[in-house]
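Here the structure comes first, spelled out in structure tokens, and everything after it is commentary.
Just so it is clear: chains get the letters A, B, ... in the order the sequence lines come, proteins before strands, and each one is counted from 1.
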There are 2 protein chains.
Amino acid sequence: MKQIKTAALPTKPGLKTFAIHADDTRARLLKAAVDVFAEQGYEAATIRQICSRADVNLALVNYHFGDKLELYTEVLRFAMSCAPQPAPGPGLPTGISAEDALRAIIRAMVERVLGNDDESNLRYRLMLHEFVRPTSVTALVVNEVMRPVYDRLREIVGSLLGLPSDHATSRLCTHGVLGQVGHYTRRNPILATLWPEMTMTAEQRELVARHIAESTLAYLGLIRPRSTVAPLMPEDPV
Amino acid sequence: MKQIKTAALPTKPGLKTFAIHADDTRARLLKAAVDVFAEQGYEAATIRQICSRADVNLALVNYHFGDKLELYTEVLRFAMSCAPQPAPGPGLPTGISAEDALRAIIRAMVERVLGNDDESNLRYRLMLHEFVRPTSVTALVVNEVMRPVYDRLREIVGSLLGLPSDHATSRLCTHGVLGQVGHYTRRNPILATLWPEMTMTAEQRELVARHIAESTLAYLGLIRPRSTVAPLMPEDPV
DNA sequence: GACAGAATTAAACATGTGTTTTAATCTACT
DNA sequence: AGTAGATTAAAACACATGTTTAATTCTGTC
């Protein structure tokens with residue numbers, strides 16, 4: 001019950017034409033929200049930030065999405081839906097050896113996490129925030145974008161081990177890879193403080209990917225010395 | 001300039017004796033702050049939470065510490081100051097082989113991060129929050145509690161490699177260990193979602209520690225096959 | 001016992017947040 | 001043109017936060 005209200009005189013009377021209708025502002029809002037949420041995380045991001053970035057009125061988030069959490073859910077759904085799958089189909093790759101498949105997928109992960117590709121980088125940053133302060137949609141995100149990579153890694157590792165992919169050893173090796181890749185993430189203060197020279201240039205990314213792959217292969221080959229693993233000696237250590 | 005103020009009549013007139021003076025409330029505040037900051041992180045933690053947990057008036061944080069950030073800095077300084085050092089002195093351990101030293105330090109790290117020791121666990125949780133949303137004191141924390149472990153790991157790895165401890169390969173191996181240990185942290189949604197059976201029981205912690213150590217040793221032994229590394233074949237994979 | 005200063009208290013303050021409200025404006029349709 | 005409904009806008013709202021204030025209580029000292 002308010003009564004007195006200063007006459008709402010619009011600042012820009014007819015300057016902007018709203019020809020494109022609501023779909024446009026909804027899309028702009030979504031795009032801005034991806035950026036802001038990726039940068040700040042769910043709680044630190046503010047609706048005012050998002051609206052300002054989208055150049056849109058403050059009330060429109062609630063109008064179009066209901067509330068902040070629904071916008072966030074929509075952002076995650078959107079960002080995850082266009083995540084590239086690690087392989088077209090299930091099953092082991094054909095045409096290349098399992099060792100090369102491992103090298104390839106690790107290299108792809110490193111590039112995705114650390115490379116300069118904006119889109120997949122935003123996606124990863126969104127996930128990172130999920131990991132440290134899980135929300136109600138965290139498990140969904142993990143299942144959607146992490147699980148395929150995880151399952152494929154397990155298959156490759158398992159085949160190199162001659163063990164089922166859900167064997168504890170397969171899983172330990174797989175999580176070892178995930179842990180190492182995740183460690184080289186951007187703005188990891190451990191890395192920045194303890195190894196300031198590691199700035200994740202293209203050459204360094206290549207070095208990191210190769211190290212992770214070869215060290216994993218070394219272990220796999222060692223605990224299964226009868227396997228067909230090729231000689232693993234990498235080039236002379238840099 | 002306020003004028004009217006309802007007479008502040010204390011709720012508990014003489015019930016509580018303040019015999020112990022201010023040192024007590026300062027200490028209680030600090031202890032409560034450690035818990036709350038470790039659980040929530042700097043920004044999510046609220047002064048009201050801390051004061052309520054310490055059973056202390058709201059204004060006393062600002063009275064005793066100035067503001068929230070100073071309290072937080074004090075908390076970190078306090079928590080880090082009593083962190084156990086990884087080894088009494090510098091230099092390589094004497095009496096045991098470098099391989100066993102590596103196994104021991106990795107096992108210690110895993111226990112510290114995942115074990116049920118409350119104190120060191122709080123410390124680790126405080127650090128974790130620093131890592132995802134660095135504050136002005138993050139570098140200090142890393143240098144204080146991470147650097148000693150890091151340097152020692154590098155020394156051990158370097159000696160196993162026959163390379164200087166600041167060689168890129170030594171560092172890559174060391175960061176591989178750090179990354180893997182960090183990955184098995186509590187409440188990691190990746191782990192919880194992708195491998196729900198891994199609940200970090202004592203046996204599982206032992207398994208994880210051994211896996212990290214042996215896989216690292218496998219790589220070290222492989223790229224330096226002439227080394228004195230003992231046969232690394234672990235017990236049959238679980 | 002009285003008094004000065006430290007410590008504590010309840011209340012207010014200033015600010016930033018997500019959300020809602022009310023009115024204005026645009027769009028589509030007849 | 002005119003109207004109904006969707007969309008946008010400015011302002012207010014309700015609430016939580018860190019901080020400050022002014023008064024009260026405690027403590028040690030003369």
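- Using a 30° and 60° split on the angle between ring planes, His175(B) and Tyr184(A) fall in the tilted class, from 30° to 60°.
- With dT21(C), dA10(C), dT19(D) as the candidates, the nucleotide lying closest to the side chain of Asn57(B) is dA10(C).
- Minimum atom distance to the side chain of Tyr63(B) is reached by dA6(C), of the listed dA11(D), dA10(C), dA6(C).
- Under the salt bridge (charged side-chain N to carboxylate O under 4.0 Å, His left out) criterion, no residue pair touches residues 58-73 of chain B, with sequence neighbours excluded.
- Met127(B) pairs in a side-chain contact (heavy atoms from CB on, under 4.5 Å) with only one of the listed residues (Leu122(B), Val141(B), Thr138(B)), which is Val141(B).
- Among Arg28(A), Arg123(A), Arg53(A), the single residue meeting the salt bridge (charged side-chain N to carboxylate O under 4.0 Å, His left out) criterion with Asp35(A) is Arg53(A).
- Looking at residues 30-51 of chain A, you'll see Ala45(A), Thr46(A), Ile47(A), Arg48(A) sit with a heavy atom under 4.0 Å from some atom of DNA chain C.
- Of the candidates Val157(B), Leu153(B), Leu102(B), Val157(B) is the only one forming a side-chain contact (heavy atoms from CB on, under 4.5 Å) with Cys173(B).
- Arg171(A) is linked by a salt bridge (Lys or Arg N to Asp or Glu O under 4.0 Å) to nothing, counting only residues two or more places apart in sequence or in another chain.
- For dT8(D), the OP1/OP2 oxygens have a side-chain nitrogen or oxygen of Thr25(A) closer than 4.0 Å.
- Straight-line distance from the CZ atom of Arg28(B) to the C1' atom of dA7(C): 13 Å, rounded to whole Å.
- Put simply, CG on Leu60(B) is 13 Å from C1' on dT19(D), counting in whole angstrom units.
- With sequence neighbours left out, the salt bridge (Lys or Arg N to Asp or Glu O under 4.0 Å) criterion links Glu111(B) to Arg205(B).
- Residue Asn62(A) contributes atom CG, which lies 11 Å from atom P of dT21(C) at whole-angstrom precision.
- Taking the salt bridge (Lys or Arg N to Asp or Glu O under 4.0 Å) definition, one finds that Arg125(B) meets it with nothing, sequence neighbours left out.
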From CA spacing to verdict: side chain to side chain contact (heavy atoms under 4.5 Å, CB included), Thr193(A), Arg147(B): CA-CA 9 Å; Thr193(A) 307; Arg147(B) 171 95 63 187; 4.2 Å; yes

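- Against DNA chain C, the stretch residues 65-75 of chain A makes heavy-atom approaches under 4.0 Å through Asp67(A), Lys68(A).
- Atom pair Leu58(A):CG and dT22(C):P shows a separation of 17 Å (rounding to whole Å applied).
- With rounding to whole Å, His64(A) atom NE2 is found 17 Å from dG18(C) atom C1'.
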